[in-house]
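Everything below concerns the one structure shown next.
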Amino acid sequence: VRQYRDGLSPKDPIITLLTDFGLQDEYVGVMKGVIASIVQDARIIDISHGIHRHDIRQAALVLYSAYRFFPKGTIHVAVIDPGVGGHRRILCLKQDSHFFLAPDNGILSLILRNGSMEDLRVVTNDRFFLKPVSHTFHGRDIFAPVSGHLAKGVTMSELGKRLALDEIEVLDVAVPIVSDEAIIGEIISKDRFGNLITNIDHKTYQDFTEKRASQDVVVQLGNASEINGVTTSYDTVEVGAPTALFGSRALLEIAVNQADASAYFGVSVGQAVILKTVRNVGRER
Amino acid sequence: VRQYRDGLSPKDPIITLLTDFGLQDEYVGVMKGVIASIVQDARIIDISHGIHRHDIRQAALVLYSAYRFFPKGTIHVAVIDPGVGGHRRILCLKQDSHFFLAPDNGILSLILRNGSMEDLRVVTNDRFFLKPVSHTFHGRDIFAPVSGHLAKGVTMSELGKRLALDEIEVLDVAVPIVSDEAIIGEIISKDRFGNLITNIDHKTYQDFTEKRASQDVVVQLGNASEINGVTTSYDTVEVGAPTALFGSRALLEIAVNQADASAYFGVSVGQAVILKTVRNVGRER
Amino acid sequence: VRQYRDGLSPKDPIITLLTDFGLQDEYVGVMKGVIASIVQDARIIDISHGIHRHDIRQAALVLYSAYRFFPKGTIHVAVIDPGVGGHRRILCLKQDSHFFLAPDNGILSLILRNGSMEDLRVVTNDRFFLKPVSHTFHGRDIFAPVSGHLAKGVTMSELGKRLALDEIEVLDVAVPIVSDEAIIGEIISKDRFGNLITNIDHKTYQDFTEKRASQDVVVQLGNASEINGVTTSYDTVEVGAPTALFGSRALLEIAVNQADASAYFGVSVGQAVILKTVRNVGRER
């Protein structure tokens with residue numbers, strides 16, 4: 001008997017889709033048609049199709065932020081693929097009992113950095129591809145059918161040879177720099193509401209502030225703008241006032257209560273963010 | 001034996017989602033992942049994620065216009081939630097054999113005004129929440145898991161204490177004013193096609209015109225623009241000409257045949273609309 | 001025993017939706033609610049709701065490009081319907097073991113031109129409609145419920161009388177003109193990435209080039225811009241350079257590697273495209 005998805009329950013396989021295809025053209029619908037043609041009982045859930053064109057960094061952050069909220073055994077398909085039709089490889093990763101199909105271009109970097117890989121394969125077995133394979137739409141011809149076959153019970157070992165972690169592309173994702181005085185990070189994403197997401201994670205923040213327990217923190221955006229303290233919800237400040245908080249991704253966010261922080265500060269992705277301590281700023285007031 | 005969703009059939013529970021999250025970020029996908037982790041056989045249907053940010057009035061109209069077209073027993077989740085993380089409560093309403101989960105900010109006003117409430121609870125039982133509960137994303141941490149548990153068979157009485165109708169927030173939704181001469185309403189929404197939806201409902205219109213059976217009606221937008229008569233379909237006028245009709249929501253709409261009424265008249269939400277009678281305008285021609 | 005969807009398997013009926021409704025309003029969600037109220041186990045897959053308002057040509061191309069990637073027996077519902085509420089008829093087509101519901105306005109033209117029709121009906125039996133039928137939203141009142149009933153097992157003969165092909169509207173879809181010297185086509189669509197899709201299909205191209213085997217081809221956009229040769233993938237040229245290739249729809253596309261061809265050339269739908277042969281351009285270099 002074939003082991004179902006490497007041992008995971010066959011009930012209700014879930015396939016998630018993450019692309020930069022947008023929803024105007026038929027591309028996403030076609031991928032779902034291909035999957036439904038292979039596996040009848042899979043549930044397909046969109047993570048997003050609104051990734052900026054070819055923005056692998058944004059896709060990496062979105063996929064990393066989303067995947068753990070799905071059941072174990074979910075197959076996550078990420079097609080942000082500027083190199084389609086060229087020499088880039090296609091990867092199948094198993095980690096944390098989730099499966100990932102993605103081009104070998106760094107999309108999986110954040111996931112790989114924050115967990116331990118269970119299996120990693122290069123997808124080469126064209127028995128699971130839609131033929132003829134076009135050179136422009138591997139989402140339809142490779143990613144969709146391979147995810148359908150995985151959902152149906154094909155094992156990773158059937159897809160292609162094992163790869164080591166040092167054989168694949170890694171995204172140069174900025175890690176915040178921690179000095180005696182400050183954490184220096186940057187804005188790595190902006191959401192629909194204009195909230196600015198930084199690369200300063202909660203653990204780095206905790207380690208930094210624990211050692212400086214008697215001090216208050218200030219968050220600086222560039223030279224000019226300062227926010228006093230780190231809070232936990234938008235409405236700890238007045239409507240229209242800025243705040244810094246650890247948001248739903250466990251990353252430091254700059255927000256403005258009921259307004260657009262990106263517009264408020266006039267900054268976006270790439271802007272430096274400095275979190276430093278000061279002696280009891282809040283209490284002096 | 002636990003009564004399934006207060007007595008409704010367990011077959012194929014449906015959960016609808018209505019948010020202002022947009023489709024660019026992973027927020028909606030994450031909510032679906034949380035639901036799928038709790039209840040495997042629920043079907044999730046999007047009503048819209050394109051509500052303007054924090055626009056509770058638009059959300060109230062959209063939810064009211066949509067819910068009745070779903071099967072009894074459907075669980076409708078509405079997360080337009082400017083007060084997330086603050087002191088606003090979360091409500092669970094049962095009415096017309098439908099279930100609604102929404103912040104206590106008025107989103108349910110139109111539904112409550114047009115039917116009789118069967119049960120109303122404040123959602124406080126954190127046994128059904130995702131923990132730790134963030135202060136910024138209750139869609140993921142409260143609304144999604146509670147809807148999943150409801151779909152799975154949890155009863156409303158398990159969610160929290162009963163509330164009376166006068167204990168919750170009600171939206172100040174404009175009701176049209178009926179005088180001897182006219183119905184005075186306003187534009188409350190604009191759809192994708194530029195059709196202008198007013199708050200003048202079909203019943204108010206019928207009562208008004210029944211008493212004035214020998215007279216014709218004219219619809220005025222502000223001072224300048226007049227439309228003769230109320231029709232039933234866009235193409236009763238030439239392509240490019242304006243018309244007033246009762247649309248699919250049973251509310252008076254101002255439309256332009258195959259064009260954008262908002263652009264044509266240069267007006268949008270908030271504009272006054274006056275419907276009055278005149279002596280046989282049409283027949284004088 | 002009723003024959004299920006004219007003999008096709010009852011397992012997992014799939015209904016696809018293609019509209020110009022957008023995703024801001026509740027229209028698409030309402031259609032899904034109506035379908036779910038009729039048939040519990042149907043899977044609903046969106047092809048697109050971002051067709052430009054009333055753009056029947058774009059819809060025809062998208063539907064034709066998408067449908068074949070779904071399983072046989074799928075019911076495709078296309079509601080791009082400028083004539084809603086007027087005298088236009090509603091059609092149900094069976095072709096290639098797929099079912100199509102669409103207004104009689106030409107959306108099905110490309111499908112009909114490229115296959116052989118199995119059955120064609122005018123949908124008139126209001127037993128399968130939602131009542132009262134509005135004059136503005138047949139997507140909700142006719143298309144959605146009829147598709148639900150089809151998925152549930154209603155046969156086409158129950159929907160209405162048979163029509164002949166010459167009784168319905170046909171879109172005037174430009175066919176490329178083939179002369180001794182050149183194929184003269186035009187740009188018929190532009191996708192999200194700015195790729196320009198022409199009406200020059202692969203078969204026409206093959207017939208043309210086979211007879212001119214010793215010659216190279218050049219693709220002209222208007223008078224000014226020339227692209228040498230037809231390739232198979234975006235990255236046969238440098239990043240930022242233009243290329244002509246047969247894309248995933250088997251139609252000639254003009255693309256720019258990792259950029260927007262429409263912006264690059266400053267052209268869009270309607271622009272003439274000329275493919276002609278030259279004596280070994282490439283080799284002279």
Side-chain angles (χ1 to χ4, degrees), chain B residues 9 11-14 16-18 20 22-23 28 41 43-52 55 58-59 61-74 76 98 189-195 197 231-236 239 243 245-250 253 255 257-260, chain C residues 12 15 17 19-46 48-56 79-88 103 105 130-145 148 192:
Chain B
S9 155
K11 177 83 173 81
D12 254 5
I14 294 175
T16 77
L17 301 181
L18 176 67
D20 59 357
L23 295 173
V28 172
D41 55 352
R43 301 175 59 187
I44 304 170
I45 297 181
D46 299 308
I47 293 183
S48 173
H49 301 290
I51 298 295
H52 301 125
D55 190 338
Q58 186 197 3
L61 180 65
V62 163
L63 186 59
Y64 171 66
S65 303
Y67 89 89
R68 82 199 75 174
F69 294 99
F70 288 82
K72 305 272 183 194
T74 296
H76 304 278
H98 288 255
S189 190
K190 184 179 88 165
D191 77 5
R192 190 218 178 180
F193 297 112
N195 297 320
I197 294 107
T231 62
T232 53
S233 103
Y234 299 130
D235 74 343
T236 54
V239 169
T243 180
L245 76 165
F246 280 92
S248 58
R249 295 177 181 88
E253 288 182 24
N257 190 13
Q258 301 195 27
D260 184 310
Chain C
D12 254 5
I15 295 171
L17 301 181
T19 77
D20 58 358
F21 294 166
L23 294 173
Q24 181 191 311
D25 303 300
E26 75 278 13
Y27 303 136
V28 172
V30 162
M31 286 182 67
K32 294 178 181 175
V34 170
I35 293 169
S37 299
I38 291 167
V39 54
Q40 293 221 340
D41 55 352
R43 302 175 60 186
I44 305 170
I45 297 180
D46 299 308
S48 172
H49 301 289
I51 298 294
H52 302 124
R53 185 180 182 180
H54 296 168
D55 190 339
I56 295 165
V79 194
I80 290 84
D81 195 11
V84 61
H87 297 296
R88 67 93 185 86
N105 62 14
L130 206 67
K131 272 158 245 155
V133 174
S134 73
H135 294 272
T136 57
F137 194 5
H138 285 184
R140 177 190 72 192
D141 300 333
I142 301 182
F143 289 96
R192 189 217 180 183

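As a basis for the values below, the full set of heavy atoms in this structure was taken, side chains included, without hydrogen atoms, waters or symmetry mates. First the proteins, then the strands, lettered A, B, ... as listed; each starts at 1.
- For B:Leu23, the part lying near chain C is the side chain, with the backbone staying farther off; criterion is any non-hydrogen pair under 4.5 Å.
- For C:Leu130, the part sitting under 4.5 Å from any heavy atom of chain B is the side chain, from C-beta outward, and nothing else.
- Chosen from C:Ser134, C:Gly83, C:Ala36, the residue pairing most often with chain B at heavy-atom distances under 4.5 Å is C:Ala36.
- Interface remark: C:Tyr27 contributes side-chain atoms only to the contact with chain B (heavy atom separation under 4.5 Å).
- Of the two parts of B:Leu245, only the side chain, counted from C-beta on, holds a non-hydrogen atom closer than 4.5 Å to a non-hydrogen atom of chain C.
- Counting heavy atoms from C-beta on, the side chains of B:Arg192 and C:Asp20 come closer than 4.5 Å.
- Going from atom NZ of C:Lys32 over to atom CZ of B:Phe70 covers 9.0 Å, rounded to the nearest 0.5 Å.
- Residue contact with chain C, scored on non-hydrogen atoms closer than 4.5 Å, is absent for B:Glu253.
- One finds the CG atom of B:Asp46 at 8.0 Å from the CG atom of C:Asp46 (value rounded to the nearest 0.5 Å).
- With chain C as partner, the option from B:Ala255, B:Gly50, B:Pro71 having the largest number of non-hydrogen pairs under 4.5 angstrom is B:Pro71.
- If you take CZ on C:Arg53 and CG on B:Asp260, they are separated by 7.0 Å, rounding to the nearest 0.5 Å.
- Here the options are B:His49, B:His52, B:Lys190, the test is side chain to side chain contact (heavy atoms under 4.5 Å, CB included), and the partner is C:Gln24; only B:His52 passes.
- Interatomic distance, B:Ser189 OG to C:Glu26 CD, rounded to the nearest 0.5 Å: 8.0 Å.
- Aromatic ring orientation, C:His54 versus B:Phe193: parallel (interplanar angle below 30°, classes split at 30° and 60°).
- When heavy atoms are compared at a cutoff of 4.5 Å, B:Ala259 approaches chain C solely by way of its backbone atoms N, CA, C and O.
- When atom types are taken as modelled, the side chain of C:Arg140 and the backbone of B:Ser248 share a donor-acceptor pair closer than 3.5 angstrom.
- Rounded to the nearest 0.5 Å, atoms OG (C:Ser37) and CD1 (B:Ile14) are 6.5 Å apart.
- B:Arg43 places a side-chain heavy atom less than 4.5 Å from the side chain of C:Ile44.
- B:Ile45 touches chain C through its side chain: at least one heavy atom from C-beta onward sits under 4.5 Å away, while N, CA, C and O do not.
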